[in-house]
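So the structure is just underneath, and the comments pick up after that.
What you see is a predicted model; the values in this text were computed from it and never measured.
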Amino acid sequence: KEYREFLLSEIIAALMENDNQSVRRLAKEVDLSPTVIQKLRSGKQDDVKLRNFVKITHACGYNIILQRGRHRISL
C-alpha cells in the first residue's frame with residue numbers, strides 16, 4: 001500500500017515538473033484546491049478520484065490509456 005501511495009505522488013510530481021505546472025496554476029485549471037494538489041504531490045493524500053487524476057494528467061498534457069492486447073481505450 002505504501003508503495004502505491006508513493007508511486008501516485010511521484011507520478012503527479014513528475015507530470016507537474018515535465019509540464020512546468022505550479023501547484024496554484026494546476027489547481028485552478030482542474031478546479032481543485034491548491035491544498036489538495038500539494039497533498040497529492042507530497043503523498044499526504046492518496047485517495048484521488050479517477051476523474052480528478054484524469055483532469056490532472058490532461059492539464060499536464062498527458063492522456064491515460066487502458067490497453068489489453070491490441071485494444072486501447074483513451075480516458
Side-chain angles (χ1 to χ4, degrees):
K1 181 181 176 191
E2 290 177 14
Y3 176 73
R4 287 186 303 230
E5 292 169 4
F6 172 74
L7 185 60
L8 179 62
S9 66
E10 288 296 307
I11 288 171
I12 290 174
L15 292 174
M16 291 176 68
E17 184 177 323
N18 288 341
D19 196 43
N20 295 319
Q21 283 274 18
S22 71
V23 169
R24 290 186 186 278
R25 187 172 69 184
L26 180 59
K28 184 175 182 178
E29 192 168 338
V30 298
D31 197 29
L32 293 172
S33 76
T35 302
V36 169
I37 298 295
Q38 185 58 41
K39 284 182 178 180
L40 288 170
R41 192 174 113 168
S42 69
K44 292 181 181 175
Q45 181 171 335
D46 63 345
D47 60 340
V48 63
K49 292 180 182 178
L50 179 58
R51 176 182 65 220
N52 290 337
F53 185 68
V54 170
K55 287 182 355 182
I56 290 169
T57 58
H58 287 179
C60 292
Y62 291 86
N63 291 316
I64 297 174
I65 298 175
L66 302 175
Q67 183 171 343
R68 182 176 184 189
R70 292 184 175 190
H71 187 69
R72 295 171 59 133
I73 300 171
S74 182
L75 302 179

**Study point:** Shortest non-hydrogen contact from V54 toward T57
**Key:** O-OG1, 2.8 Å
Review point. What closest approach, in Å, do A27 and S33 show between heavy atoms, and which atom pair accounts for it?
Key: CB-C, 3.8 Å
Rounded distance [0.5 Å steps], [atom1] in [X] versus [atom2] in [Y]:
X   : Y   : atom1 : atom2 : result
E29 : I56 : CD    : CD1   : 10.5 Å
D31 : K55 : CG    : NZ    : 5.5 Å
C60 : L26 : SG    : CG    : 5.0 Å
Q67 : S74 : CD    : OG    : 11.5 Å
L50 : L75 : CG    : CG    : 6.5 Å
Q45 : L8  : CD    : CG    : 9.5 Å

Study note, to complete from the structure: Sorted by chain and number, sequence neighbours left out, side-chain contact (heavy atoms from CB on, under 4.5 Å) with I11 holds for L7, L15, F53
Does a side-chain heavy-atom distance below 4.5 Å link [X] with [Y]?
X   : Y   : answer
I37 : V30 : yes
R72 : L66 : no
M16 : V23 : yes

